[in-house]
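One structure below.
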Amino acid sequence: MSVLESLTEWPVDNVSAAIITRDGVAEEFGDPVRVYELASVTKLLVAEAILVAVEEGAVELDDPAGPPGATIRHLLAHASGLAFDSRDLEAGVGEKRIYSSAGFEILAETVEQAAGIGFAEYLADAVCAPLGMKSTELYGPAGHGARSTTTDLAHFAQELLAPRLLAPETLADATSVQFPGLDGFVPGYGRHRPNDWGLGFEIRSAKSPHWTGTGNSPRTFGHFGQAGTYLWVDPELQAACVVLTDRAFGPWAKPLWSEFNDRVVSELSSQK
């Protein structure tokens, strides 16, 4: 049984998945064009669009945004001090890694004002259209309101492995630790010291427990969503994995995700 076929054992009604390399989809499982809610995996797409806006000159990473003293960079890296789901301040700028969906709403508004078009349209034009992501839509808040398919996210994962929309140095910066040393919580996985994050991309580092596998390299980056979804890219393996389900994240997911990801890493490592 292939590693993806083990997903039939998961307690979900529907699951689709893909393993991606720089050459494209290496393996896939389930319906590749079934549309799933992404929840916070949305933040990866939004971060990509923000970075495109930076490269186009619409905004700059160090432009003021959010609370006084904060910048676009702070918001992308969850270092602005904003609360999770409101625009209330819970800490000073750059003091803690407070995971904030509200901060991504401010990011979307900032690009809207600079570009002169709605952010959902900007995301569609700047990211989805050039990558052929025909079934991906931002229909709600920029922190968690997108839908997509494994086919579309496989295209996106390929972009993260071999960037075409962004300059390689831009992506390298985005997937490197921003504001090193900040402590904070990964939703569902507790407090981490430090809680490393890039520009919208969570970085695995040495976090434990974690939703990626224990065999994933510290450089692994990506995001998971409360909708029961995730996408990770491991630069050491030069591979990525997307899993989308229709069951909300919860205790069921923690052991299964980590175990499954370890099997994916093991399979990929054996092929190198």
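These numbers come from a predicted model, not from an experiment. Every heavy atom of this structure was used, including side-chain atoms; hydrogens, water molecules and symmetry mates were not. In this chain, residues are counted from 1 in sequence order.
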Test item: D173 side-chain N/O and T170 main-chain N/O as donor-acceptor pair under 3.5 Å: no
Parallel, tilted or perpendicular: ring planes of W197 versus Y99, cut at 30 and 60 degrees: tilted
Parallel, tilted or perpendicular, as decided by the 30° and 60° cut-offs, for the rings of F201 and F221: perpendicular
Check: S258 and T212 side chains under 4.5 Å, non-hydrogen atoms: no
More than 12 heavy atoms of other groups within 6.0 Å of K254 NZ: yes
NZ/NE/NH1/NH2 to OD/OE distance under 4.0 Å, K207 and E202: yes
R97 and E90 ion-paired at < 4.0 Å: no
Between OG on residue S148 and CG on residue L153, distance to nearest 0.5 Å: 3.5 Å
Within one Ile-Leu-Val-Met-Phe-Trp-Tyr cluster: V111 and L61, side-chain cutoff 4.5 Å: yes
Exam field: side chain T229 to backbone L38, donor-acceptor pair closer than 3.5 Å: yes
Among F179, F104, F84, ring pair (Phe, Tyr, Trp, His ring centres under 6.0 Å) partner for H78: F104
Cation over ring face, R147 and Y36, 6.0 Å, 45°: no
SB check R73 D62 (cutoff 4.0 Å): yes
Aromatic ring pairing F249/W257, orientation class (parallel under 30°, perpendicular over 60°, tilted between): tilted
